[in-house]
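This report concerns only the one structure given below.
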Amino acid sequence: MTRYGSPLPEKPSLDGLEAKWSSFWSEAEVYRFDRPGSRDAVFSIDTPPPTVSGSLHVGHVFSYTHTDIVARFQRMRGKHVFYPMGWDDNGLPTERRVQNYYGVRCDPSLPYDADFTPPTPVSERTGKDKKAPAVSISRQNFVELCERLTTEDELVFEELWRKLGLSVDWSTTYTTIGKEAQRVSQAAFLRLLAHGEVYQAEAPTMWDVSFQTAVANAEVVDKEVAGAYHRIAFQHGAEDVCIETTRPELLPACVALVAHPDDERYQPLFGQEVVSPLFGVRVPVVAHEAADPEKGSGIAMICTFGDMTDVMWWREFRLPSRTVVGRNGRLLPVDFAALPTEDAARAQGVYDQLVGKTVHTARELLVEELRRDGSLIGELRPTTRAVKFFEKGDKPLEIVSSRQWFIKTVDHREALLARGDEIAWHPPHMQSRYSDWVKGVNIDWLVSRQRFFGVPFPVWYALDEAGEPDRGEPIVPEESTLPVDPSSDCPPGYTEDQRNKPNGFMGEPDVMDTWATSSLSPQLACGWLSDPELFAQVYPMDLRPQAHDIIRTWLFTTVVRSHLEAGTTPWRHAALSGWILDPDRKKMSKSQGNVVTPGHLLDEYGADAVRYWAASGRPGTDTAFDPQQMKIGRRLAMKLLNASRFVLSLPAPGPDAATTDPLDRALLAKLAQTVEGATAALEGFDYTSALDGIERFFWFFCDNYLELVKERAYGKGDVAGAESARVTLRRALDVVTRLLAPVLPYTAEETWSWTHDATVHRAAWPTVAELGPGAGEGRPEPADVAAAAIAAVRKAKSTAKVSMRAEVARLVVRAPDAVLADVRLVSEDLMAAGKVAEVEYRAEADGELAVEVELAERPDGEA
RNA sequence: GGGCGCAUAGCUCAGCGGUAGAGCGCUGCCCUUACAAGGCAGAUGUCGGCGGUUCGAACCCGUCUGCGCCCACCA
């Protein structure tokens with residue numbers, strides 16, 4: 001169906017509108033982005049690419065609707081709206097989904113199997129197959145499975161988005177793992193490398209032992225974990241020096257003790273050595289301001305590494321490295337003969353039973369030994385403490401020394417802070433979230449991950465005669481050859497048979513973190529490398545909509561990349577949406593199991609009703625999930641259908657019809673105010689206030705105006721009056737339909753199609769000027785007094801428990817002269833609508849409009 | 001410990017210097033020729049506490065309390 005327009009139905013219905021109009025929009029390319037040739041005519045949106053690792057939930061529906069309302073408004077204002085959709089199919093979430101979905105795991109040591117058939121998805125298996133162990137597959141097979149599943153998932157997502165009515169141009173989608181994403185990520189990386197903005201370093205970094213990868217500071221979250229203080233005695237001559245620790249298993253990693261320089265208890269020890277229990281290792285006692293006399297016993301172990309404070313002390317005091325926790329979270333072998341120990345044999349004996357054990361087990365074993373040894377003093381003191389976790393992980397992070405790639409951020413802190421001032425934040429207080437984070441940046445952005453499904457770093461290393469890589473001078477490809485995979489592609493000047501051979505080369509095994517790619521979403525979406533003409537017209541972008549919890553990750557890193565690559569902010573506006581809370585006011589999230597899936601909501605209430613609910617959540621404000629609000633939205637949509645049908649079924653006004661009646665003019669004055677208010681609100685991304693004003697007008701239009709002018713519009717009075725009512729009804733309806741179109745795109749399209757030849761979503765946004773001369777300066781008061789008077793009549797009838805059709809013998813209207821004058825202007829409509837026989841006017845010196853209603857006696861004698 | 005936000009009718013929230021608002025829910029009435037998955041009407045509040053500024057404060061300032069989020073510390 002590509003022809004627009006449909007007949008006025010007998011009984012309008014909301015059912016089936018989504019199917020009808022979404023296919024029309026698609027076939028007619030209603031939302032296609034056409035290049036205008038100039039940046040000024042464009043409104044471009046950096047849509048958040050949803051993670052394709054499961055299903056969309058109602059929170060997505062919520063925030064994406066907000067953006068769509070803005071997009072539709074801007075389009076109607078005449079902007080060429082660049083509104084692409086990305087799919088974030090890169091990285092760990094996808095890996096995890098593929099593992100669970102197919103029951104596979106990646107083993108990089110396996111060779112590629114070209115004839116590999118994907119296993120039956122776990123969810124479709126029956127009987128004992130359900131519990132079959134995971135199948136090991138090669139890295140390339142694994143990556144192919146990731147690509148296959150994300151492609152399927154993306155189709156499901158797109159279908160839902162279309163049903164919700166997002167006005168995305170579906171020909172402008174991008175992914176974060178596809179060829180173009182790889183090319184853009186690698187090219188941006190190489191340019192940073194050339195400018196010295198990215199570097200690699202061997203350093204202690206936070207490490208997830210389950211995923212066995214380094215993680216970035218921004219991805220770290222605190223969780224409260226139960227633990228206990230262990231009081232452990234070190235020996236100093238004949239005396240004990242007691243420390244308290246929640247991590248006794250790090251005792252063999254202890255390289256020093258530290259106390260505050262002013263702490264008199266420990267001042268005699270500074271510069272001396274103490275001896276650790278069980279292991280007999282001599283460690284120095286040092287003084288540092290950061291040591292807190294109030295915590296524990298006031299003197300602490302410095303271990304390699306318990307936390308980032310340890311790292312700081314280790315660096316400042318140039319302490320040795322005694323690594324005990326390995327990358328898999330298990331204890332590594334340690335050779336005590338190489339350490340300054342009093343009794344290497346005993347130390348080795350104690351320690352060897354811990355090797356290969358998890359941190360948890362090692363702790364229990366070591367505590368037993370300490371107790372037996374008598375160096376565990378007193379009882380354990382239970383405590384809860386915040387422990388750092390990878391936000392997607394479920395085991396505490398360890399700090400592991402490893403070689404990683406970093407993008408410089410610390411050096412640019414001031415500049416990045418200033419970039420924040422160039423962005424308009426909605427709501428404004430969200431800027432402080434950004435500023436606080438930037439001010440606190442104290443380590444560079446760690447972008448490498450020791451994983452499989454990600455964008456590879458496009459570098460190789462030459463190997464010397466001993467087979468050792470020269471990391472100082474990485475071999476890089478020409479930008480034109482990107483993307484490359486150094487694990488299968490050969491660097492320039494080498495042949496494949498030199499791979500991993502002395503005097504040959506090796507590929508960089510790491511991949512980039514997801515954020516290293518998604519931080520380039522503006523570059524990806526706007527065709528940075530592939531389409532310079534497009535890029536010039538849409539970048540920097542107008543709007544970044546996103547949730548406030550990823551300001552420190554996505555928003556921050558995007559600003560970093562734009563700053564370093566283009567010397568600009570990526571967008572002019574950032575609109576931060578809130579979360580969806582369940583009825584208990586908890587954040588709705590998958591892990592909590594309180595997620596409501598949007599599919600059935602759309603079926604039950606209709607897309608417009610769901611959108612209406614979404615529009616009730618202000619920018620940046622967490623909003624409760626509320627089906628009741630969807631019912632109201634549905635009622636509004638029904639009202640639009642019915643009111644439209646009614647107005648359009650009245651006799652059409654003639655070509656010379658004009659708004660002449662005072663009530664009609666007052667209505668247009670009211671509408672002019674509504675248009676002004678809604679336009680200003682939407683320009684400031686305040687779709688909630690806009691909708692509030694529009695809705696208020698629309699209900700006034702239906703409940704009061706429509707009822708008041710009904711009789712006149714039927715043609716029961718003079719011709720001029722009837723024509724004025726008919727033309728005003730149509731004009732107001734036409735305008736209010738366009739005002740509602742961004743929120744209720746399906747319903748508005750349906751009613752619009754009854755009288756127009758082209759989609760409402762490309763129609764011009766209403767202006768005050770089109771309401772005719774004088775509407776902008778017109779007085780809405782006559783409409784307000786008419787509404788107040790008719791309300792008084794209704795109230796009287798309601799109180800008397802009679803039908804609204806009951807006759808009124810007399811109205812007595814008391815008000816100051818100016819108000820009475822307005823009432824006189826609308827008296828004929830008032831009398832017709834209220835079935836009033838006579839109106840009496842009594843002038844008062846001041847005070848409000850007061851209306852007395854005298855009901856007519858009924859023929860049967862009852863009042 | 002620092003920062004940000006929030007506290008208004010039973011619920012969800014708007015109002016942000018001039019007589020307390022909306023919707024839902026609740027109660028009552030009405031099958032009124034657009035609409036019964038409707039319509040009309042009604043009741044409901046020391047606007048978190050305490051001070052201050054002001055002719056006047058839900059609104060501005062200070063302070064306290066409670067809730068949420070972010071950051072830091074986490075021996």
Side-chain angles (χ1 to χ4, degrees), chain A residues 11-12 14 221-222 224-225 227 229-232 242-248 250 257-259 290-303 306-310 383-388 427-437 439-442 548-549 551-552 578-579 581 583 585-587 605 609 613 616-618 620-629 631-632 634-636 638-650 688-689 692 695-696 699 702-703 706-707 710 714 790-806 833 835 848:
Chain A
K11 191 158 175 59
L14 294 173
V221 293
D222 287 348
E224 286 292 321
V225 170
Y229 289 112
H230 301 67
R231 193 174 175 87
I232 296 173
C242 288
I243 60 100
E244 292 202 0
T245 180
T246 55
R247 297 206 56 187
L250 292 179
L257 299 189
V258 63
D292 183 352
E294 302 296 318
K295 278 187 186 147
S297 56
I299 186 164
M301 286 201 293
I302 300 174
C303 305
D307 58 34
M308 292 311 281
T309 319
D310 280 349
T383 178
T384 40
R385 65 227 164 85
V387 175
K388 290 190 186 306
H429 73 254
M430 287 294 176
Q431 186 180 354
S432 60
R433 296 271 188 104
Y434 171 83
S435 304
D436 287 355
W437 176 257
K439 285 177 198 157
V441 165
N442 55 15
H548 59 67
D549 55 336
I551 289 175
R552 65 175 178 167
W579 288 329
L581 308 176
R585 303 209 63 75
K586 295 226 173 60
K587 183 192 173 187
Y605 299 102
W613 158 73
S616 71
R618 308 185 90 80
T621 307
D622 295 347
T623 301
F625 171 70
D626 187 4
Q628 191 61 46
Q629 202 64 18
K631 288 185 188 163
I632 300 163
R634 192 175 171 86
R635 204 181 57 166
L636 176 67
M638 273 309 295
K639 198 79 175 173
L640 180 59
L641 287 181
N642 285 315
S644 301
R645 202 193 83 84
F646 175 65
V647 169
L648 298 174
S649 63
L650 290 167
T688 305
S689 297
D692 186 59
E695 218 185 337
R696 207 176 286 279
W699 285 106
C702 292
D703 291 347
L706 214 49
E707 296 297 334
K710 224 178 221 180
Y714 285 146
I790 194 73
V793 172
R794 286 184 192 131
K795 181 172 177 175
K797 292 180 182 178
S798 188
T799 308
K801 302 191 178 185
V802 298
S803 157
M804 289 298 147
R805 282 190 305 184
K835 308 227 178 277
E848 302 258 313

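Worth saying up front: this structure is predicted, and the values here are computed from it rather than measured. Reminder, nothing fancy here: chain letters follow the sequence lines and each chain counts from 1.
- Closest to the side chain of A:Lys795, out of B:rA41, B:rC4, B:rA36, is B:rA41.
- Panel note: side chain A:Ser649, backbone A:Arg645; a donor-acceptor pair is recorded below 3.5 Å.
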Footprint string (nucleotides 70-75 of chain B, 5' to 3'): B base within contact, S backbone only, - free, heavy atoms under 4.0 Å
-S-BBB

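- Residue A:Arg794 has no polar side-chain atom (N or O) positioned under 4.0 Å from OP1 or OP2 of B:rG42.
- Residue A:Arg618 places its side chain closer to B:rG15 than to any other of B:rG15, B:rG23, B:rU32.
- In this structure, A:Lys797 places its NZ atom 12 Å from C1' of B:rC30, rounding to the nearest Å.
- Taking atom CG of A:Leu636 as the reference point, atom C1' of B:rG23 lies 12 Å away to the nearest angstrom.
- Listed nucleotides: B:rA36, B:rG39, B:rG28. Nearest to the side chain of A:Lys11: B:rA36.
- Here the side chain of A:Asp703 is nearest to one of B:rG39, B:rG5, B:rG23, namely B:rG39.
- A cation-pi geometry, defined here as NZ or CZ lying under 6.0 Å from the six-membered ring centre and within 45° of its normal, does not hold between A:Lys439 and A:Tyr434.
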Show, in sequence, the C-alpha distance, side-chain angles and deciding distance for A:Leu14 and A:Met638, and conclude whether the side-chain contact (heavy atoms from CB on, under 4.5 Å) test is met.
CA-CA 7 Å; A:Leu14 294 173; A:Met638 273 309 295; 3.7 Å; yes

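- For B:rG23, its base never sits under 3.5 Å from the side chain of A:Ser616 at any donor and acceptor pair.
- With a 3.5 Å limit on both pairing distances and Watson-Crick or G-U wobble geometry required, the stems of 3 or more pairs in RNA chain B span B:1-7 with B:65-71, B:10-13 with B:21-24, B:26-30 with B:38-42, B:48-52 with B:60-64.
- Of the candidate nucleotides B:rG42, B:rA22, B:rU12, B:rA22 has the atom nearest to the side chain of A:Arg696.
- With a 4.5 Å cut-off on side-chain heavy atoms, A:Ile790 and A:Glu707 do not count as touching.
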Does the pair A:Val387 and A:Asp222 meet the rule for a side-chain contact (heavy atoms from CB on, under 4.5 Å), with working shown?
CA-CA 5 Å; A:Val387 175; A:Asp222 287 348; over 6 Å; no

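- Nucleic acid contact for A:Lys631: none, since no nucleic acid atom lies under 4.0 Å from a heavy atom of the residue.
- When distances run from any side-chain atom of A:Met804 to the nucleotides B:rA34, B:rC40, B:rG42, the shortest one goes to B:rC40.
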Walk me through it: do A:Lys639 and A:Asp703 pass the test side-chain contact (heavy atoms from CB on, under 4.5 Å)?
CA-CA 11 Å; A:Lys639 198 79 175 173; A:Asp703 291 347; 4.3 Å; yes

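- A:Leu641 comes within 4.0 angstrom of nothing in the nucleic acid, heavy atoms only.
- Considering only side-chain N and O atoms, A:Tyr434 lies nowhere under 4.0 angstrom from the phosphate OP1 or OP2 of B:rG3.
- As a whole-Å value, the separation of A:Asp622 CG from B:rU12 P is 13 Å.
- Put simply, CG on A:Asp692 is 10 Å from C1' on B:rC13, counting in whole angstrom units.
- Between the NZ atom of A:Lys639 and the C1' atom of B:rA34 there is a distance of 8 Å, given to the nearest Å.
- Residue-level contact check: A:Gln629 touches neither bases nor backbone, having no heavy atom under 4.0 Å from any strand.
- The two residues A:Cys303 and A:Leu250 have their closest heavy-atom pair at SG-O, 3.5 Å.
- Between A:Lys710 atom NZ and B:rG39 atom P the separation is 12 Å, expressed in whole Å.
- In this structure, A:Trp699 reaches the sugar-phosphate backbone alone: every heavy-atom distance under 4.0 Å involves primed, P, OP1 or OP2 atoms, never a base.
- Phosphate proximity of B:rU12 to A:Gln628: absent, as no side-chain N or O sits under 4.0 Å from OP1 or OP2.
- Across all strands shown, A:Tyr714 has heavy atoms under 4.0 Å from sugar-phosphate atoms exclusively, and none from any base.
- Below 30°, between 30° and 60°, or above 60°: for A:Tyr714 and A:Phe646 the angle between ring planes is above 60°, a perpendicular geometry.
- No side-chain N or O of A:Arg231 forms a donor-acceptor pair with one of A:Thr245 less than 3.5 Å apart.
- As a whole-Å value, the separation of A:Met430 CE from B:rG3 P is 18 Å.
- Panel note: side chain A:Lys797, backbone A:Ala806; a donor-acceptor pair is recorded below 3.5 Å.
- Out of B:rC4, B:rC40, B:rG23, the shortest distance to the side chain of A:Ile632 is found at B:rG23.
- The phosphate of B:rG28 has neither OP1 nor OP2 within less than 4.0 Å of any side-chain N or O from A:Lys801.
- Residues A:Val225 and A:Thr384 have side chains not in contact (no heavy-atom distance under 4.5 Å, counting atoms from C-beta outward).
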